[in-house]
Enquirer: 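Sharing a structure here in structure tokens format.
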Amino acid sequence: MSRYIHRKAGREPGARSGSLAVLFILMVAGFSILNLFWPKREMSDLETRKLAQLPAPSAKTLLDGSWFQDFGTYMQDQIAFRDGWIDLESGFNSLALAKVEESDILLGKDGWMFTKLFDIPASSQTQLDKNLDAVINFASRHPGKVTFLLAPSASVIYPEMLPLGAPMADENAMLDDIFAQVSAAADVIDLREVFTQEKDRYLYYKTDHHWTTEGAYLAYEQFCALKGLTPFDLASHEAVAVPDFYGTHYSAARRWDVQPDTITYYPLDNPMTIYDINGETQYTERVTEKMVNTEKLKTRDKYAAFLDGNNGYSVIEGNGEGSILVVKDSYANCFVPFLTANYAKIGVVDLRNFSYGLDTTIESEGYDEVLVLYNFQTFISDKRVVYLDRPTTLTTEEG
Amino acid sequence: MLFNSVVFLFCFMPLALGLYYLVPGRAKNAVLLLESILFYCWGGITWLPLIFALIAVNYIAGLLIQKSRAPGVRRAALIAAVVLSAAALVFFKYTNFLIDTINQISGAGLSSLSFLDVLPLGISYYSFKLISYIADVYTHKSEAERNPVTFATYVILYPQLIVGPIVRYRELAPALHKTSGRCSLRMFEDGAVMFVFGLAKKVILADSIGALWQDIISATDGIGLANASTPLVWLGVLAYSLQLYFDFAGYSEMSNGLSLMMGFECPANFNLPYISASITEFWRRWHITLSQWFRDYIYIPLGGNRRGAARQILNMLAVWALTGLWHGANWNFICWGLYYFILLVIEKNFLLKHLKKGRIWPHIYTLFFVVLGWGIFTANAAGAPLGLLMNRMFIPQGGVSALYFVRNYGVLLVLGCLCSTPLPSWLWNKTKRILPLRLVIFAAVSVLCVAFVVGATGSAALYADF
């Protein structure tokens, strides 16, 4: 009714009521005030990173503008409902804009998420060549001792779960080439065939870039077959399942229709000693504990429970015979516990926290065998793999 | 400080606007000047003396020109002011480019000046504002400003500091001199709406669509231009064209919206350029304040079209070479300017009359050359050398297929194309009589913008580099 009356009067009803202005002021001022009093956080669990804190001003930082920059980052990091805003953005991108990618994570079918790896940049290619040389040289110095296990990415085993037409880099061809080169110097374990055969099993997390304990066990079985070992008996151990694991892919992409993963572990009593590294072959005990730090299973970063994270050097007492040194990235963390069935001593080195060549440690600690275990994505980009080939610093001192 | 940042939206803007409204009319300009200086200092104070020196020179020159009856003095003041403003721009923007060019030609091996690596904030825009002011005073189109605070406020005005638009002094002077009733609820409301829709263009459309082109050319995680199939390269350049438009138009609307909220009506900088039916029309709709500046302060002073066809072509050449160069100290920008010179000369001399008769094909023709133009424009970016780009675009070849990118960006691209037409403003006008719907749309767009501002790591305006 009123519409017609207004139209006859030739006015524009509603449009100039000032309600939009009031709404704008309420939104901006209201949220600014709320934001001011909103509790500030040290760290974001969900993003697994430290958040910027209020910077302390100084004459220098005020004049060169860096205080203002830091203050801007602080406002950005500490905004009220930060997690909610990011979820809203991600949800809008998926639902309204039908995007299948968020923060360099591909949102695949059936809840799968994959690292976006469309191209191997030239820098990675160079690094890969260096890393390969290091492994080959290392293996040549220890003939017959070294096994090289390179885990493929989930996208190689489950390509059908990728978003339509995703132009992934040709990891298969690169793996072929890597195994061909390394097999001249060491035993290699290529998991692609068996993983593809067994793909109906739960081999990789959907929300995280790691393989599952089941995937690691399947890889471990291949290792045992190669070495002629009897695998760890799953039937005589009871697995503990920890639900609601939201991994690194989820942290980055914040998929609205996420399917949380379940982490499984086998409680074992074998002691693991984590060492502080004081110098080449000089280790002092930091802590001795079980291989799975169950405290970390209660946090968001659940995968870090295995081997209590990526420590430089740890030694585990096993129930078998002989000794093995595992040189690894985090993929090995849920794999290593199974080795307790076969070896008496298992050394674990993560070169990202270990700055020396390994030859002297192998000699002084008397390791019979070496397993080099990485996943493809770390191996092509990690700058510390080359430490395998680092010359010892000890000979010069002795000479 | 970017408009699309949390610190601007929820700290600087509410405080700055609030203070501006609270103080009495006479103090508004001084407060605005202080706020603008603070805004400027966000990037460091290194070049603050430069902007003040140029303001002082132009302020004094303006008064001299106004007061003096002697043509010699007037002319000298004009030349001194214009030369100093232009010299500052040329020195800071082009010295290293010149050194590189000299080195390439002569192999002299001069070292470039590292303190020129970062351009003084906003110099491309405020030097043009200054030149327009002094030229307008000289040609009696505008009175000289007597109050130094008012003049400095016009030059540093924070909404226009980073990416323009290049608003002339005479367009802002009436509002700057109003000591009462400068702001109104109507202006505030229109300004707020303009600001929010501009923000949406920047953070929802431009940044998301621009990711497609980065997927192709980025050195870290792009597939590499050399690996892309011809359809994908076209899709990429199309996405880049949309990104550039929404980025710049969105930022201009935010700027004009802020100005309007403070009582300054500024001319629109963009008017749906991608619906143009000729290149001539395109340049009347794209970066309007820049085209006008070149028309008024280069083309017409050179004689425009009044001195015969040959001279007109020469004048156009000067304008377009300078337009290209203004966008950056690089050969691709000069090529891009000359490319438009050639297209415009062709249109002026015979094509325009045919274009006027067509209905569909002039639009296709315009879009084709504009998109191709952006290909040339972006050819200084790492990963997109011009030769390779042209090869990939015009020699049909295989490579990474466009399928995934159509799947991932399809909705965004369609939305981008629709938002390049009059459709959104037509729809918004349709809701005029349904106030609740307006409020819901406005609130939803605002909330979404904040989500995108928080979700993104904050990307700079593309045009801030020019």
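Within every chain, numbering begins at 1; the chains are lettered A, B, ... in the order of the sequence lines, protein sequences first and strands thereafter. Computed from a predicted model, the values in this text were never measured in an experiment.
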Enquirer: Let's test your reading of the structure: which of L117(A), N93(A), I120(A) forms the most heavy-atom pairs below 4.5 Å with chain B?
Expert: N93(A)

Enquirer: Compare every heavy atom of G455(B) with every heavy atom of I86(A), then report the nearest pair and how far apart it is.
Expert: CG1-CA, 4.2 Å

Enquirer: Quick one: what part of S401(B) sits under 4.5 Å from any heavy atom of chain A, side chain, backbone, both or neither?
Expert: neither

Enquirer: Examine whether an atom of W47(B) lies under 4.5 Å from a heavy atom of chain A, and if so say whether it belongs to the side chain, the backbone or both; otherwise answer neither.
Expert: neither

Enquirer: Could you look at L415(B) and say if it's the side chain, the backbone, both or neither that has a heavy atom under 4.5 Å from chain A?
Expert: side chain

Enquirer: Y404(B) and L106(A): side chain to side chain contact (heavy atoms under 4.5 Å, CB included), yes or no, with the steps?
Expert: CA-CA 11 Å; Y404(B) 171 78; L106(A) 301 180; 3.2 Å; yes

Enquirer: Considering only heavy atoms from C-beta outward, does the side chain of L36(A) approach that of F10(B) to under 4.5 Å?
Expert: no

Enquirer: Considering all heavy atoms of both residues, which atom of G18(A) and which atom of L185(B) are nearest to each other, and what is their separation?
Expert: CA-CD2, 3.9 Å

Enquirer: Holding to side chain to side chain donor-acceptor pair (under 3.5 Å), I want the full list of residues that pass it with T115(A), two or more places apart in sequence or in another chain.
Expert: Q377(A)

Enquirer: Using non-hydrogen atoms only, which part of F24(A) is less than 4.5 Å away from chain B: side chain, backbone, both, or neither?
Expert: both

Enquirer: Assess whether side chain to side chain contact (heavy atoms under 4.5 Å, CB included) is satisfied between V454(B) and E89(A), documenting all intermediate values.
Expert: CA-CA 8 Å; V454(B) 177; E89(A) 188 228 3; over 6 Å; no

Enquirer: Over all heavy atoms of both residues, which pair between S19(A) and L435(B) is shortest? Give the atoms and the distance, please.
Expert: OG-CD2, 3.2 Å

Enquirer: Among E101(A), M27(A), K116(A), R82(A), which residue has the highest count of heavy-atom pairs closer than 4.5 Å to chain B?
Expert: E101(A)

Enquirer: Is it the backbone or the side chain of L26(A) that comes under 4.5 Å from a heavy atom of chain B, or both, or neither?
Expert: neither

Enquirer: Tell me which of these, L88(A), V22(A), I79(A), has more heavy-atom pairs under 4.5 Å with chain B than the rest.
Expert: I79(A)

Enquirer: What distance separates C11(B) SG from M75(A) CE, expressed to the nearest 0.5 Å?
Expert: 4.5 Å

Enquirer: Mind checking the CG-OG spacing from D119(A) to S218(B)? Nearest 0.5 Å is all I need.
Expert: 9.0 Å

Enquirer: How long is the gap from CG on L439(B) to CG on L23(A), to the nearest 0.5 Å?
Expert: 5.5 Å

Enquirer: Compare every heavy atom of L20(A) with every heavy atom of E189(B), then report the nearest pair and how far apart it is.
Expert: OE1-N, 3.2 Å

Enquirer: Under 4.5 Å, counting heavy-atom pairs only, tell me which of A169(A), P121(A), A166(A), A96(A) racks up the most with chain B.
Expert: A166(A)

Enquirer: Under 4.5 Å heavy-atom distance to chain B, tell me which part of D104(A) shows up: side chain, backbone, both or neither.
Expert: side chain

Enquirer: For Y409(B), is it the side chain, the backbone, both or neither that has a heavy atom under 4.5 Å from a heavy atom of chain A?
Expert: side chain

Enquirer: How long is the gap from CZ on F92(A) to CG on L448(B), to the nearest 0.5 Å?
Expert: 4.5 Å

Enquirer: Inspect the surroundings of NZ in K109(A) and state if more than 12 heavy atoms from other residues, nucleotides or ligands are less than 6.0 Å away.
Expert: yes

Enquirer: Taking side chain as everything from C-beta outward and backbone as N, CA, C, O, which of these in V447(B) sits under 4.5 Å from a heavy atom of chain A? Side chain, backbone, both or neither.
Expert: both

Enquirer: Indicate yes or no for a side-chain donor-acceptor contact from R407(B) to the backbone of K99(A) under 3.5 Å, with no hydrogens or angles considered.
Expert: no

Enquirer: How about residues 66-74 of chain A versus chain B: which residues have heavy atoms under 4.5 Å apart?
Expert: F68(A), Q69(A), F71(A), G72(A)

Enquirer: At a heavy-atom separation under 4.5 Å, does L9(B) approach chain A through its side chain, its backbone, both, or neither?
Expert: backbone

Enquirer: Please classify the contact between V450(B) and chain A as side chain, backbone, both or neither, with a heavy-atom cut-off of under 4.5 Å.
Expert: both

Enquirer: Verify, without hydrogens or angle tests, whether D64(A) (side chain) and G44(B) (backbone) share a donor-acceptor contact under 3.5 angstrom.
Expert: no

Enquirer: Is I441(B) in contact with chain A via its backbone, its side chain, both, or neither, using a 4.5 Å heavy-atom distance?
Expert: neither

Enquirer: Name the region of L97(A), side chain, backbone, both or neither, that has any atom closer than 4.5 Å to a heavy atom of chain B.
Expert: both

Enquirer: Under 4.5 Å from any heavy atom of chain A, what part of M1(B) do you find: side chain, backbone, both or neither?
Expert: neither

Enquirer: Which residue out of L17(B), L48(B), L15(B), D215(B) racks up the most heavy-atom pairs below 4.5 Å with chain A?
Expert: D215(B)

Enquirer: Given heavy-atom pairs under 4.5 angstrom as the criterion, report whether the side chain, backbone, both or neither of F8(B) touches chain A.
Expert: neither

